[in-house]
There are 2 protein chains.
Amino acid sequence: MSWLRNLSKFSSTIKPSQRPNKTDPFFLLPSLTFLSKFSSNPIKEKPSVKPDDYSGLEATKAHEKPRVVVLGSGWAGCRLMKGLDPEIYDIVCVSPRNHMVFTPLLASTCVGTLEFRSVAEPIGRIQPAISREPGSYFFLANCTSIDAHKHMVHCETVTDGEQTIKPWKFSISYDKLVIALGSHPATFGIQGVNEHAIFLREVHHAQEIRRKLLLNLMLSDVPGIPEEEKKRLLHCVVVGGGPTGVEFSGELSDFIMKDVHQRYTHVKDYIRVTLIEANEILSSFDDRLRLYATNQLTKSGVRLVRGIVKDVKAQKIILNDGTEVPYGLLVWSTGVGPSPIIQSLDLPKAPGGRIGVDEWLRVPSVKDVFSIGDCSGFVESTGRPTLPALAQVAERQGKYLANMLNKIGKAGAGHANTAKEIELGDPFVYKHLGSMATIGRYKALVDLRQSKEAKGVAMAGFLSFFIWRSAYITRVISWRNRFYVFINWITTLVFGRDISRL
Amino acid sequence: MSWLRNLSKFSSTIKPSQRPNKTDPFFLLPSLTFLSKFSSNPIKEKPSVKPDDYSGLEATKAHEKPRVVVLGSGWAGCRLMKGLDPEIYDIVCVSPRNHMVFTPLLASTCVGTLEFRSVAEPIGRIQPAISREPGSYFFLANCTSIDAHKHMVHCETVTDGEQTIKPWKFSISYDKLVIALGSHPATFGIQGVNEHAIFLREVHHAQEIRRKLLLNLMLSDVPGIPEEEKKRLLHCVVVGGGPTGVEFSGELSDFIMKDVHQRYTHVKDYIRVTLIEANEILSSFDDRLRLYATNQLTKSGVRLVRGIVKDVKAQKIILNDGTEVPYGLLVWSTGVGPSPIIQSLDLPKAPGGRIGVDEWLRVPSVKDVFSIGDCSGFVESTGRPTLPALAQVAERQGKYLANMLNKIGKAGAGHANTAKEIELGDPFVYKHLGSMATIGRYKALVDLRQSKEAKGVAMAGFLSFFIWRSAYITRVISWRNRFYVFINWITTLVFGRDISRL
C-alpha cells in the first residue's frame with residue numbers, strides 16, 4: 001500500500017501553483033516518479049510469503065465467531081449459506097464459480113429464451129455477509145483435500161487457464177465443514193464423451209451450446225457446403241431422456257419452429273433434433289404423462305430413438321448395433337455420478353460412492369463434518385434409501401442443515417470439537433413435492449405424486465406449463481433475477497429470441 | 001434430405017397396431033434402421049463438392065435482382081444494409097460476427113451496468129431481408145481477397161478455433177461491392193500489446209475484461225497472497241485517453257466506488273485505476289471540458305499519468321523513461337489504423353493507408369466498388385481531409401450510400417458494369433454533430449461544436465449525462481434493445497451491478 005499512500009499524499013499536498021499548467025489535464029505528471037517505486041521492488045521476483053502476515057485462515061479462537069466452511073455453491077451449499085446466521089458464524093465458501101446456477105431454467109438459455117445472467121445468482125447476493133463481514137469470505141478455488149483430523153481443508157485457486165498466474169495453494173481451518181460438492185456427469189466410460197459432447201450443468205455449457213448451434217446454422221448456409229455436411233451440421237443429438245434432455249429437446253424444437261423458420265429460411269428444412277435414450281424417457285414420471293410427452297415431442301419434430309451409445313467421435317456417434325449417427329451438436333445428459341474429488345476423500349461412503357451421512361446429515365466417524373446434496377447419501381446402517389440427485393433434495397437438505405447449525409451455534413457448540421450432548425432435533429426426512437418438466441410449445445408435465453407407485457395429481461398441457469413457470473419464477477432467488485426472468489419471457493414472447501452470437 | 005424424408009414417411013405410414021407398445025415412449029424404435037442409412041455414406045470421407053450443385057454465388061442474370069455485397073457489419077455496413085431497398089437489391093453480408101456492436105455503450109458492459117446482449121444487434125434484425133429473401137444471405141466469414149476485375153470476392157468461413165471443422169472457402173460475384181471492414185487497433189509496433197492487453201471494440205473484449213476483473217478481485221482475496229501481488233492484481237491500467245479510454249476509466253471507478261466497496265470489502269482499498277496517455281486526454285474536446293473531465297476523474301480516484309509505453313510484459317508495462325508499472329488488467333485504446341486486409345487490397349489508397357474514395361464514396365479506377373467507414377478516406381485529388389474514425393461518420397456514410405445505391409438501382413443501373421450517366425446527386429458532405437463522453441458518477445461531456453476551433457455549445461455535468469443517455473437510448477437500433485438498455489439502467493440503479501462471473 002505504500003505507493004498508493006504516496007500518491008494520495010502527493011495529490012493532496014500539491015499546491016495549485018505547482019501544477020505545470022492549469023489547462024493541462026495531466027498536471028499529475030510528477031506522479032511518474034512515484035510509479036518508479038514499483039521498479040525498486042519488481043513483481044517478477046515474487047516476494048516470499050510471510051506466514052506471519054496473512055497466510056491461510058487459522059483456527060478460530062474461543063472468543064471469535066466459529067467458522068463454517070462450505071465447499072461448493074450449488075443448490076445445497078447456497079441454500080445452506082442463505083440460512084446460516086451470520087451473527088453466529090463466520091461463513092467461508094470455497095467454489096470454482098462465484099454464483100449459483102438456477103439449473104431448471106438453464107436449458108432455456110441455450111436458445112435465447114432467457115439470458116444467461118438471469119439464471120445465475122451471485123453468492124454475495126444469496127448471503128450478503130460473505131462480502132461484508134470481516135471474517136466471511138468467498139474463495140474462487142477448488143478443494144484439493146480434507147484433513148478431518150486437523151479440521152483443515154486444502155485448496156487451490158482457479159485461474160481460468162490463465163498462463164500468467166500460477167494456482168495459489170492455501171489452507172483453511174474450520175469449526176464446521178459442509179461438503180456440498182455436487183456430482184459429475186455420468187459418461188459410463190464411453191470414449192470421446194468428454195472431448196466431443198457438451199453437458200448442460202453450468203452457464204458456460206449453455207453458452208457453448210448456443211455458440212455452436214448458431215455457428216452451425218450459419219456455416220450450413222455457406223455456398224458450396226455439400227448436402228450431407230449441411231445435414232450433419234444441423235443435426236442436434238441429445239443423449240439421455242431425463243428431464244434435462246427432454247427440456248432441452250423441447251426448447252430446441254421450439255426455437256427451430258419459431259425462430260429458425262423465420263430467420264434462417266435457407267436452411268430451415270435441414271435442422272433436426274434426435275433424442276437418444278437407452279430405456280424410457282422421463283422414467284420417473286407417470287406412464288400417461290410419459291406418453292403425452294412422447295406424442296408432443298414427436299409432433300414438434302423431435303425424433304425419439306432408443307439406443308445405447310458405444311462410442312463418440314468428433315462428428316458422429318456410434319450406437320451399440322453399429323449404426324453411425326452424424327451430428328453437428330451433441331448434448332449429453334445421462335445422469336450423474338460421484339466426482340473424482342468425492343471419490344478421493346478418505347471419508348465413510350454410502351452406496352454408489354457418495355459421502356456417507358447419518359440421519360442428521362453428519363459424516364460418521366469424523367467430527368464437525370456434514371455433507372449435503374448430490375455428493376452425499378445415507379450410510380447403509382441408517383437403512384434409508386439413497387435420495388435422487390435433485391435440486392429439490394439438495395435445497396431441502398441445505399435448509400435443514402442451516403437450521404441445525406444455527407441451533408448448535410446458539411447452544412454454544414459452534415467451535416470445533418465442542419460438540420456436547422445437544423438436542424439436534426428431528427432427523428432429516430425428505431418429502432418429494434413432485435416433478436415438473438417442460439416439453440416445448442408452451443406445454444409441460446407436472447407430476448405431484450410422492451413416488452412412482454403412489455397415487456396423486458399428474459397433469460400435462462398448457463395449464464401445467466403455466467404452473468411450471470409460476471413455480472420457477474417464485475423460486476428464482478433474488479428479486480433482481482425474478483424481474484429479469486419475467487422481462488426475458490415477455491421479450492421472447494413479443495420480439496422472439498435473440499440470435500446474436502456473442 | 002433423403003433420410004429426413006424417409007423418417008417422416010415412416011412415421012406417417014406406421015399403423016398403430018405396429019407400434020411395439022402403446023405405453024412405450026419409444027415406439028419409433030424401428031427408425032434406427034433408417035439411421036443406419038448414414039453409415040452407407042459416412043461423413044468422414046467428405047463428399048466432393050459438386051460445382052453444379054450449390055458452389056458459391058454466381059453472377060446475377062439480367063432478369064434477376066442485382067446483388068450488393070457488403071463486407072463488414074459495423075456502423076457503416078449495418079446502416080447501409082438497413083437503408084438498402086430489398087425490393088431493388090439482393091443483399092449479401094460477409095462478416096466474422098453476426099451482429100453489430102453498439103460501441104458507445106460497450107464500456108458499460110465491462111462492469112455490468114449493461115448486459116452484453118443489450119449492446120449487440122443481430123444483422124437479421126437490422127435488415128430482415130437477410131434472413132427472409134431467397135437471394136439475400138449473411139455469411140459468417142472473412143473476406144480474403146477481392147477480384148475487382150471479375151467482380152468477385154473470395155471468402156473463408158470463421159470456425160471459432162473449432163478443430164473439427166476446416167474453414168470453407170467460397171466466392172461471391174457482386175454487382176455492387178461495399179467495403180466497410182473497419183479498422184484495427186493501433187499498437188504502434190509495441191511488443192506484447194496483442195498478447196497481454198485487451199482492446200475494447202467487440203463484445204468478446206468486454207466479456208474478457210469483465211471475467212479478468214472479477215477473477216482478479218477474487219484472487220486478491222485469497223489468504224496468503226502477498227501485498228505486492230494483491231496490489232498488482234487490482235491495478236487496472238488503461239492506455240489511451242480518448243473517449244473509449246476515458247469512458248472505461250469512468251465506468252471502472254464508478255464500479256469500484258459503488259459495487260466493489262460494498263461487495264469486496266476485504267480488498268476495496270487495494271483497487272486502483274491508472275490512465276496513461278502520451279498527450280492530452282480527450283484531445284478533440286473543448287479545453288474547459290477537458291479540465292472538467294480531468295478533475296472529475298481525479299476525484300473518482302483515477303490516476304492520470306502522462307507517459308509513453310515502450311514495452312508490455314505479462315504483468316507489467318515499461319514506460320519510455322524506464323518506469324515499470326505492474327498491472328492486473330490492461331486495456332488498450334490508443335486509436336485505430338488500417339487493418340491487414342485493407343493494406344493487402346490492390347485498390348487506390350487515401351493518406352494513412354485507408355481505401356481511397358471520391359466524393360461519392362466510389363473507389364476510383366475500379367467499377368462498382370464503394371468504401372465507407374473507418375477503412376476509407378478521400379483520395380488526395382479530392383482535396384478533402386480524412387474524416388475521423390467515428391461511429392458518427394460511418395453511420396452517415398452508410399445512410400448516404402444506401403440512398404445512392406437505391407437511386408442507381410431504380411434507374412436500372414444496379415447490375416455490374418451497367419453504370420450509365422446517372423445523376424448521382426450531391427456528393428457526400430460530413431457535418432460533425434458534436435462529441436459526447438461519460439466520465440462516471442452520472443457526469444458526461446457534451447461538445448456540440450463543429451470543430452475544435454469553432455464556437456458552439458460545450459457543457460459538462462449531470463445534465464450532459466442525461467442528454468448522453470437520451471441520445472444513446474434513441475440510437476440503439478431495435479425496440480428490443482432500447483427496452484433492454486432501459487431495463488438494465490433501471491436495474492443497475494435499483495439493485496446495483498451484477499457481479500456473477502459467467
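The analysis underlying the following values was restricted to heavy atoms, covering all of them including side chains, and did not include hydrogens, waters or symmetry mates. Proteins get letters first, then strands, A, B, ... in listed order; numbering begins at 1 in each.
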Q) In terms of heavy-atom proximity below 4.5 Å to chain B, should I172(A) be classed as side chain, backbone, both, or neither? A) neither
**Q.** side-chain contact (heavy atoms from CB on, under 4.5 Å) against Q207(A), all qualifying residues, sequence neighbours excluded
**A.** F116(A), V203(A), H204(A), L502(B)
Q) Which answer fits I123(B), side chain, backbone, both or neither, if we ask what part of it has an atom under 4.5 Å from a heavy atom of chain A? A) neither
Q. F483(A): what forms a side-chain contact (heavy atoms from CB on, under 4.5 Å) with it, not counting sequence neighbours?
A. I487(A), I487(B), T491(B)
Q) Counting heavy-atom pairs under 4.5 Å to chain A, which of R263(B), R117(B), R288(B), M218(B) comes out on top? A) R117(B)
Q. At what distance, to the nearest 0.5 angstrom, does OG1 of T157(B) lie from NZ of K169(B)?
A. 9.5 Å
Q.
Testing the 3.5 Å rule here: is there a donor-acceptor pair between the side chains of R132(B) and T265(A)?
A. no
Q) Which atoms of S136(B) come close to chain A, meaning under 4.5 Å heavy atom to heavy atom: side chain ones, backbone ones, both, or neither? A) backbone
